[in-house]
There are 2 protein chains.
Amino acid sequence: MKVLTKNTDYAIRALLALAAKKGSYMSAKSIAIEHDIPYQFLRRLLQEMIRHNLIVSKEGVRGGFMMQKDPDEITVTQLIEIFQGKVQVSECMFRKQICGNRANCVLRHEIMRIESVVQSEFEKVTIGKLLRDLEAANQVNPTAATIS
Amino acid sequence: MKVLTKNTDYAIRALLALAAKKGSYMSAKSIAIEHDIPYQFLRRLLQEMIRHNLIVSKEGVRGGFMMQKDPDEITVTQLIEIFQGKVQVSECMFRKQICGNRANCVLRHEIMRIESVVQSEFEKVTIGKLLRDLEAANQVNPTAATIS
DNA sequence: CTTAACTGATACTATATTGATATCAATTAA
DNA sequence: TTAATTGATATCAATATAGTATCAGTTAAG
Ligand code: FES
Ligand code: FES
């Protein structure tokens, strides 16, 4: 069971790159090269993130993408929802005859409880937090390349 | 993002049926009909569960499947691992140049922390617990069919 | 005012995973 | 002997994931 798929993974990397270059535009090409992300694939992900107002773009020469939303406001939960759909454990595990009373179904409650736990765990992880963690790690271990 | 796939879902239902009929054999056919599970699909799941010593089978007329392992010892985490592979958030999100020190990588730590939270949440849910919850619900709401 | 570096939009292909079905041999209770 | 069953596989269909290609439109810079 793989929780994060490539698109979410790539989106996180791209956002970290943009967050590090906050205020200036960065082309899809340079992000792709820097983070080993398939170029055309990345471009689609970036456009999707524009639609969700996470980033903005500028067309033409010296154009590119720039952070729009505060990195501390972008959670992994949001990114999962954008690229993999809403986190849900199971639609409805048992057929109606068994769970006559869907609203009060204990099984359903159990499922929903887990759903909210999973969601809230991923909500704790923001792009801002990841970036700070990364920068701290690079100070401790300066031989590693920086993200920008 | 769908956490439980059909095979895990069906396996849970089948185990609940067998747990309720503890001590006697139940055919794949009757489980399939009772729980609206595609018959041949279910048979493969049952065989997989035999291989993992969760259940046992008896061949021939009046044969079938019977609970082997204590239902309280069967967790949803185990079933996810059997049918969907081990829960893992992300193999390794960033390339080596960035995470020069893989063992101490903060991002990796974050990922592993979430992995263990997800796993432990599903570990709290056992077949035994689900069955008791279900029986309790049916007492409160006796118009619903029983699981057995 | 032309050109090259860009994004916007979308169509397409390949591969893997998930979900489901089919077949036939072996076993066994009646 | 027969019908109800499991064991073991093979096959297929649908969907999701991953990646590629193309072309039109925009714009900074020479
Ligand atoms: S599991 Fe679906 S209503 Fe109870
Ligand atoms: S994310 Fe892979 S080692 Fe840090």
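Lettering follows sequence order; numbering is per chain, from 1.
- Protein atom NZ of B/K58 is 13 Å distant from nucleotide atom P of D/dG7, rounded to whole Å.
- Contact annotation: A/R43 does not reach the phosphate of C/dG8 (side-chain N/O to OP1 or OP2, under 4.0 Å).
- Here the side chain of A/V61 is nearest to one of D/dT27, D/dT5, D/dA18, namely D/dT27.
- Neither OP1 nor OP2 of D/dG19 sits under 4.0 Å from any side-chain N or O of A/Y39.
- By the 6.0 Å and 45° rule, A/R44 stacks over the aromatic ring of A/F41.
- A salt bridge does not link B/D9 with B/K2: every distance from a Lys NZ or Arg NE/NH1/NH2 to an Asp or Glu carboxylate oxygen is 4.0 Å or more.
- Rounded to whole angstrom, the span from the CG atom of A/D9 across to the P atom of D/dT17 amounts to 14 Å.
- Side-chain proximity of A/Q47 to C/dT21, D/dA18, C/dG8: nearest is C/dG8.
- B/K29 comes within 4.0 angstrom of nothing in the nucleic acid, heavy atoms only.
- Atom CD of B/Q68 is separated from atom C1' of D/dT6 by 16 Å (rounded to the nearest Å).
- Contact annotation: B/R44 does not reach the phosphate of D/dA8 (side-chain N/O to OP1 or OP2, under 4.0 Å).
- You'll find that the side chain of A/P38 is closest to D/dT20, out of D/dT20, C/dT7, C/dA29.
- For B/N7, the listed nucleotide lying nearest its side chain is C/dG19; candidates were D/dA18, C/dG19, D/dT6.
- Of the inter-residue distances, the one linking A/K6 atom NZ with A/L45 atom CG reads 12.0 Å to the nearest 0.5 angstrom.
- With rounding to whole Å, A/R62 atom CZ is found 15 Å from C/dT3 atom C1'.
- Open room surrounds CZ on B/R62; 12 or fewer heavy atoms of other groups in view lie less than 6.0 Å from it.
- One finds a side-chain N or O of A/K2 lying less than 4.0 angstrom from the OP1 or OP2 phosphate oxygen of D/dA18.
- Dashed line: the shortest gap from a side-chain N or O of B/Y25 to OP1 or OP2 of D/dT5 is not under 4.0 Å.
- The listed nucleotides are D/dG19, D/dT6, C/dA4; the one nearest the side chain of B/E59 is D/dT6.
- For A/Q40, the side-chain atoms get nearest to D/dA21 when compared with the rest of D/dT5, D/dA21, C/dG19.
- Distance B/Q84 CD to D/dA16 P: 15 Å, rounded to the nearest Å.
- Going from atom CE of B/M1 over to atom C1' of C/dT17 covers 16 Å, rounded to whole Å.
- Across every non-hydrogen atom of A/Q84 and A/L4, the tightest pair is OE1-CA, 3.6 Å.
- Rounded to a whole Å, the CG atom of B/L42 is 9 Å from the P atom of D/dT6.
- Contacts of A/I50 with the nucleic acid, taken as non-hydrogen atoms under 4.0 Å apart, involve only primed sugar atoms and P, OP1 or OP2.
- Nearest to the side chain of A/T5, among D/dA18, C/dA20, D/dT27, sits D/dA18.
- Taking atom CZ of residue B/F41 and atom C1' of nucleotide C/dT18, one finds them 7 Å apart after rounding to whole Å.
- Under the 4.5 Å side-chain criterion, counting only non-hydrogen atoms from C-beta, B/L54 is in contact with B/I82.
- OP1 and OP2 of D/dT5 both lie 4.0 Å or more from every side-chain N or O belonging to B/S57.
- Contact annotation for B/F83: no contact, since no heavy-atom pair falls under 4.0 Å across all strands.
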